[in-house]
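Remarks on the structure that follows.
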Amino acid sequence: ATLRLIIDNLCNEGQVNAALSLFQEMIDRGFKPKIVTYKKLIHGLCIFGQCKTALTLFEEMLEKSISVDVRTFNVLVDALCKDQRTDEAFQLFELMLQQGKKPDVITYNTLIHGLCMSDQLNNAIKLFENMISLGVLPNADTYSSLIDAICKKGMVEHGEELLETVITKGAKPNIYTHNALIEGYCLQGKLERAARVFDTMVGRGHEPDIFSYTILINGYCKAKRLDDAVHLLKIMNSTGLKPDTLTYNSLIDGLHKDGRVFAAQELFKDMQDCGQSPN
RNA sequence: CCGAUCAUGCCGGA
């Protein structure tokens, strides 16, 4: 029990390797590891990019016919997706089904996002339809991932359409969903539309976050509407929301490319006065 | 019952 506690804590502190060797020692001494210990280790390993070792542990669990829960499957599926190994993620997904585990909304979200990230939007949409037909209700995360991918492909209108559709079905878009749309319009240079989504979001009761502002500010910068960008920064400041390095980077870059070198330098000073260090 | 299981922003390089 003591060893187990130590391993748990090491995982939480990011010392997975230490945890792993303790785990080995535990087995060598003839202790039987608890299932939670496996789970913690797999999770810890995935977070710190040691997907391979995590999979080894996972296989060990299978060999010992320890039942792997949905949550642990999800952790592994996510790690594989983040590693651009969607094929293997889907193999795990299949395995999950074989083991009689029901993939939940998080499993689907993870896979959908993985597909979007590996430029397989069509497959993502198929999976989305699939989950619905299997009775797994998509949530705001699901829509956000999809809408974001659609917008990044330059199809904001489709993104907004999808949003309208799901709203009529009773889904509630959240700040991620709106931010995705705002970015979509910015990418198309449709700043008025972007600003409108921003306002709609506020109207729906979602306070814009640092992402919302940075996305829109960046949009104005890219559209060479530097005055609007600077104005929005002022508004942002007045709400008490602190622009971070990325927000300033957008503006400084925009000002530079617009030949407003002096203003850029001023802003660079402001940024440091506000405690944001350049990256 | 509990647990860091999923989603959004800048520039540049190759």
Side-chain angles (χ1 to χ4, degrees), chain A residues 8-9 11-14 16 34-48 54 68-82 89 92-93 96 101 103-117 124 127-128 131 136 138-152 159 173-184 186-187 194 197-198 201 206 208-222 229 232-233 236 241 243-257 264 267-268 271 276 278-279:
Chain A
D8 277 10
N9 286 318
C11 283
N12 291 341
E13 288 160 17
V16 249
K34 290 265 192 222
I35 297 178
V36 279
T37 307
Y38 273 108
K39 293 203 274 189
K40 288 258 184 193
L41 267 173
I42 288 178
H43 190 187
L45 286 164
C46 284
I47 287 170
F48 294 98
V68 179
D69 63 8
V70 173
R71 192 163 171 145
T72 303
F73 269 110
N74 288 348
V75 169
L76 285 162
V77 167
D78 182 48
L80 286 169
C81 285
K82 295 223 161 82
L92 262 190
F93 180 70
M96 234 175 133
K101 304 291 174 202
D104 59 11
V105 61
I106 294 183
T107 321
Y108 283 102
N109 287 353
T110 307
L111 286 167
I112 286 172
H113 184 236
L115 288 169
C116 290
M117 302 277 53
L127 190 59
F128 171 71
M131 78 188 272
V136 181
N139 60 19
D141 290 11
T142 326
Y143 306 123
S144 302
S145 288
L146 273 177
I147 290 173
D148 180 55
I150 291 171
C151 288
K152 288 206 164 90
N174 61 15
I175 193 155
Y176 290 85
T177 329
H178 289 100
N179 288 350
L181 271 180
I182 295 171
E183 191 191 11
C186 287
L187 289 173
V197 176
F198 188 95
M201 173 174 84
H206 301 289
D209 64 4
I210 186 164
F211 284 82
S212 323
Y213 279 105
T214 305
I215 291 167
L216 196 49
I217 286 175
N218 187 245
Y220 283 128
C221 289
K222 289 284 170 321
L232 192 55
L233 178 73
M236 180 180 180
L241 206 54
D244 68 4
T245 307
L246 297 197
T247 320
Y248 283 108
N249 284 353
S250 285
L251 272 161
I252 292 172
D253 180 60
L255 289 166
H256 259 123
K257 289 187 173 147
L267 203 61
F268 183 65
M271 162 178 169
Q276 293 298 332
N279 66 4

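Quick note on labels: first sequence line is chain A, next is B, and so on, each numbered from 1.
- For the pair A:T72 (side chain) and A:V68 (backbone), a donor-acceptor distance under 3.5 Å is absent.
- Under the ring-ring contact (aromatic ring centres under 6.0 Å, His included) criterion, A:Y38 pairs with A:F23, sequence neighbours left out.
- Listed for the A:N139 side chain is a donor-acceptor partner under 3.5 Å among the backbone atoms of A:T142.
- Looking at heavy-atom distances under 4.0 Å, A:L76 makes no contact with the nucleic acid at all.
- Heavy atoms of A:K40 sit nowhere under 4.0 angstrom from any nucleic acid atom.
- Within the nucleic acid shown, A:T247 comes within 4.0 Å of at least one base atom, counting heavy atoms only.
- Among the protein residues, A:D141 comes within range of the nucleic acid bases, having at least one heavy atom under 4.0 Å from a base atom.
- Counting heavy atoms from C-beta on, the side chains of A:Y248 and A:P243 come closer than 4.5 Å.
- Counting non-hydrogen atoms under 4.0 angstrom, A:D104 reaches nothing in the nucleic acid.
- If you check every strand for non-hydrogen atoms under 4.0 Å, A:H43 touches sugar and phosphate atoms only.
- Look at A:D69 and A:K101 and you find no salt bridge, because none of the NZ, NE, NH1 or NH2 atoms lies under 4.0 Å from a carboxylate O.
- Within the 4.5 Å cutoff, the side chain of A:T247 has heavy atoms near those of the A:M236 side chain.
- Contacts with RNA chain B (heavy atom under 4.0 Å) in residues 105-115 of chain A: A:I106, A:N109, A:T110, A:H113, listed by number.
- Listed by residue number, A:S144, A:S145, A:D148 are the residues of residues 142-150 of chain A with a heavy-atom contact under 4.0 Å to RNA chain B.
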Q: Kindly express the pairing pattern of RNA chain B in dot-bracket notation, using | wherever a base pairs with another strand and counting only Watson-Crick or G-U pairs under 3.5 Å.
A: ..............
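- For A:N174 (side chain) and A:T177 (main-chain N/O), a donor-acceptor pair under 3.5 Å exists by modelled atom type.
- Rounded to the nearest 0.5 Å, atoms CD (A:Q276) and CE (A:M271) are 6.5 Å apart.
- Side-chain atoms of A:M96 and A:P103, non-hydrogen and from C-beta on, do get closer than 4.5 Å to each other.
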Q | CA sep, side-chain torsions, deciding dist, call: A:C221, A:L251, side-chain contact (heavy atoms from CB on, under 4.5 Å) | A | CA-CA 6 Å; A:C221 289; A:L251 272 161; 3.9 Å; yes
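- A 4.0 Å heavy-atom criterion places the boundary nucleotides of RNA chain B facing chain A at B:G3 to B:G12, written 5' to 3'.
- Below 30°, between 30° and 60°, or above 60°: for A:H178 and A:H206 the angle between ring planes is between 30° and 60°, a tilted geometry.
- Using a 4.0 Å heavy-atom criterion, one finds that A:S250 contacts the sugar-phosphate atoms exclusively.
- For A:K82, the side chain to side chain contact (heavy atoms under 4.5 Å, CB included) partners at least two apart in sequence or on another chain are A:D78.
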